[in-house]
Amino acid sequence: MGLLTEGSPLSWEETKDLADHVRKHGIKQFINLYHRLKNRQGDVLKWGDEVEYVIVQFDHEKRIARASLRAPEILQVLNEKEQKDPENVKSLWRPEYGAYMIEGTPGKPYGGLLAHYNVVEANMRLRREEVQQLLQPGEALMSLTSFPRLGCPDFTNPPTKVTPAEGTTQSLFFPDDCIFPGHPRFKTLTRNIRLRRGEKVAINLPVFKDTKTPDPYIEEFPQAPAGHPEATSAAKPDHVYLDAMGFGMGCCCLQLTFQACNIDEARTLYDQLTPLCPIMLALTAASPIHRGHLTDVDCRWNVISGSVDCRTKEERGLEPLKNNKFVIPKSRYDSIDSYLSEQGEKYNDVPLIYDQAIYEELRKADIDHLLAQHIAHLFIRDSVSLFSEKVHQNDEEDSDHFENIQSTNWQTMRFKPPPPNSPIGWRVEFRPCEVQITDFENAAIVCFVVLLTRVILSYRINLIIPISKVDENMQKAQKKDAVKTEKFWFRKDITTFSSPPACTACCQSSTETKSDSECYTLLSVDEIINGKAGEFPGLIPLINNYLSGMDVDADTHCSIQQYLKLIQRRASGQLQTLAGWIRSFVQNHKDYKQDSLVSDSINYDLLTELNAIQTGEKASPELLGRSLQSRTQESIPTAVRKAAGEYT
Ligand code: ADP
Ligand code: MG
Ligand code: MG
Ligand code: MG
Ligand code: MG
């Protein structure tokens with residue numbers, strides 16, 4: 001999203017009363033923009049990453065690492081730079097949910113040259129250096145998926161207090177003052193999600209049961225206000241209880257956006273990348289610790305999904321429907337529910353919930369079934385943040401009401417229509433990945449996924465499996481050590497476009513929906529990435545095959561190979577995931593008492609070590625191998641540009 005404009009948020013009651021207004025005009029806006037842009041052709045590949053960071057303050061004397069709430073100050077300086085020279089800045093900075101977080105993207109999207117893959121890491125490095133200059137002594141910028149002691153006593157600098165009986169979040173653990181204060185959007189969302197749901201959000205993560213963890217593990221919450229039994233009633237035994245939006249939206253992630261040449265290519269990419277979401281989630285697993293506890297999961301996904309779950313009891317199926325329209329199986333933050341391309345249609349095997357009237361309006365406006373049901377499904381949600389300045393809009397030109405609902409459906413993939421009056425085309429966003437600690441790893445993931453999109457389009461491979469199987473994979477992906485221990489549903493024959501369909505069970509008739517059990521099989525992440533003899537070629541061998549026909553400069557070639565090696569070794573288990581690495585660090589720490597708890601001193605040492613790894617002061621062979629290193633460069637060599645006929 002662009003620089004957030006200031007505005008005055010409406011109260012929840014006002015927002016709620018305007019829910020149908022936002023939906024009605026949002027749909028009209030989508031119909032208008034669709035007809036304006038559906039035939040847009042010839043956009044070239046452009047792409048870019050988003051990396052989110054935590055600002056950490058190390059207190060070396062007391063050996064405590066805290067979340068530093070200085071993002072607003074730091075962002076102000078970064079944004080002034082951008083405003084002075086928007087065309088030439090090398091990075092763009094945006095606020096994120098936490099007052100201790102910031103998000104950075106490249107100044108401009110990358111393009112179709114292979115040499116762009118060699119700029120990504122250098123640009124990420126530049127971004128860090130840029131923020132580094134604005135940090136105070138003891139502070140560090142860390143691309144950490146979850147701050148391990150988020151929500152523990154005294155986890156912020158300056159100190160903040162929880163307000164369990166009042167305020168926006170009413171959390172036992174996460175103070176309102178940790179929410180980014182510079183823009184009302186974040187607090188408004190938090191309040192409205194709580195009010196819409198009718199109670200605080202509640203996330204229960206299974207605790208990692210170590211030898212000295214009490215059995216059952218039951219926490220006391222002395223900070224719960226007297227006379228508020230609901231403050232703790234959602235906490236389950238043997239789980240780590242989290243009760244605030246900040247536990248999820250306060251996590252960091254790595255996202256990627258691609259521009260497609262037209263709407264159909266965008267629909268294809270949306271579908272083809274969907275089955276890869278759980279695989280990439282497992283491969284990038286980086287968050288085993290939440291609220292100072294080792295948990296039994298390695299990823300943030302269910303935390304963030306639960307952290308914005310605004311569904312009422314009726315919508316969650318706990319009470320009969322009376323005031324609401326639908327029972328809704330998932331949070332508005334979750335894996336996608338339907339494919340958008342014709343190839344995907346027969347794999348839409350999960351009943352899709354949508355408002356029939358909205359669906360019919362879209363159909364009447366000449367929007368095909370798959371796109372109409374996708375949009376109508378997004379629009380089962382109410383607006384949870386509305387600004388007074390935005391209530392009345394020109395549906396012919398504006399798209400704010402559409403974006404209001406679209407941008408608060410936080411799913412694994414996002415289908416992004418072109419913004420009004422811009423040169424930007426149809427895009428697809430890939431959103432599952434956890435962020436890694438080094439730029440090298442993040443660049444590796446980014447380049448791997450972009451290369452996969454090229455392979456998918458060039459070889460016209462088909463990775464689609466039933467949506468229900470993708471959902472199963474999402475849950476498997478988050479389990480402890482999923483890369484080493486889980487098998488994932490994956491498509492067997494991926495060459496169904498270019499060669500005659502080998503899999504007759506599912507590819508013969510489009511009316512057949514569920515009898516395609518022969519189309520997919522169970523594979524490990526290793527087999528998916530590296531291949532399984534006689535059964536699956538492997539994604540990296542496919543990428544290498546694609547690259548072998550390409551002309552590329554030596555440095556870029558080297559960097560790409562290093563990135564692919566990292567992915568290969570992570571997948572094979574030769575290198576640890578960051579989640580695995582963090583677990584073993586904690587479990588081998590001298591202060592760890594085998595009781596699942598990550599104390600301040602363990603946290604301090606853990607983050608000190610990770611910071612040394614991300615700055616390159618320390619090697620980490622278990623995580624990064626002994627010799628992997630790219631030849632990343634800040635810009636594309638002139639000779640390469642000229643050879644490609646690109647002079648700008
Ligand atoms: P959001 O937060 O809505 O997902 P951001 O603006 O933070 O979006 O990030 C969008 C990403 O898309 C950035 O990495 C940016 O470089 C990239 N990007 C910008 N323009 C294009 C384009 N035309 N096509 C593809 N990606 C683009
Ligand atoms: Mg963004
Ligand atoms: Mg965001
Ligand atoms: Mg973000
Ligand atoms: Mg994004």
Side-chain angles (χ1 to χ4, degrees), residues 1-5 46-55 71-72 74-75 78-79 82 89 91-110 120 123-124 127 131 141-147 178-180 182-183 185-186 189-190 245-260 266 269-270 273 277 280-281 284 286-287 300-301 303-305 307-308 332-336 378 385 403-419 422 424 426-436 442 445-446 449-450 453:
M1 110 194 22
L3 279 177
L4 296 163
T5 44
K46 283 190 183 171
W47 53 280
D49 63 277
E50 297 166 66
V51 178
E52 294 169 351
Y53 306 85
V54 177
I55 305 158
I74 292 173
L75 260 171
L78 294 167
N79 288 341
E82 177 184 339
V89 283
S91 56
L92 303 174
W93 295 96
R94 297 293 174 262
E96 257 303 333
Y97 185 84
Y100 52 87
M101 291 168 82
I102 51 177
E103 176 188 293
T105 63
K108 282 201 176 66
Y110 304 110
V120 178
N123 185 274
M124 289 176 176
R127 282 182 234 168
V131 177
L141 184 74
M142 299 187 70
S143 43
L144 261 183
T145 295
S146 69
F147 183 81
C178 296
I179 304 174
F180 186 87
H183 193 281
R185 171 180 162 90
F186 301 110
L189 280 172
T190 310
M245 180 165 167
F247 283 108
M249 285 305 204
C251 286
C252 296
C253 69
L254 172 67
Q255 297 174 338
L256 275 168
T257 298
F258 318 95
Q259 179 168 283
L269 281 176
Y270 179 89
L273 289 173
C277 290
M280 292 310 291
L281 180 61
T284 57
S287 51
R300 77 197 188 291
W301 191 267
V303 179
I304 198 163
S305 169
S307 82
V308 289
R332 59 202 294 158
Y333 201 120
D334 216 315
S335 186
I336 68 153
L378 298 183
S385 159
E403 282 297 334
N404 185 313
I405 303 298
Q406 154 100 337
S407 71
T408 52
N409 270 274
W410 296 278
Q411 300 181 327
T412 38
M413 299 293 306
R414 188 176 282 160
F415 183 66
K416 290 176 164 176
S422 85
I424 299 174
W426 292 90
R427 289 148 306 147
V428 164
E429 186 179 11
F430 188 74
R431 304 165 45 85
C433 293
E434 306 228 321
V435 71
Q436 311 294 293
N442 287 318
I445 291 158
V446 166
V449 177
V450 187
T453 66

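Starting from 1, each residue takes its place in the sequence as its number. One-based numbering, in listed order, for ligands and for the atoms of each. Predicted model, so just to flag it, every value in this text is computed and none were measured.
Residues F258 and W47 place their aromatic rings such that the two centres sit no closer than 6.0 Å.
Around the NZ atom of K416, the shell of radius 6.0 Å holds more than 12 heavy atoms that belong to other residues, nucleotides or ligands.
Taking 2.8 Å as the threshold, Q255 counts as a candidate ligand of the Mg ion (ligand 5), since one of its N, O or S atoms lies below it. Taking 2.8 Å as the threshold, E52 counts as a candidate ligand of the Mg ion (ligand 4), since one of its N, O or S atoms lies below it.
Nearest N/O/S atom of E103 relative to the Mg ion (ligand 4): this is OE1. Taking the Mg ion (ligand 4) as reference, E96 places its N/O/S atom OE2 nearest.
A donor and an acceptor atom, one from each side chain of R332 and T408, are located under 3.5 Å apart.
Under the 30°/60° scheme for interplanar angles, the aromatic rings of W93 and Y53 are found to be tilted.
Closest of all the heavy-atom pairs between S422 and P419 is OG-O, 3.3 Å.
Here the angle at the Mg ion (ligand 5) defined by OE2 in E429 and OE2 in E50 stands at 90°, rounded to 10 degrees.
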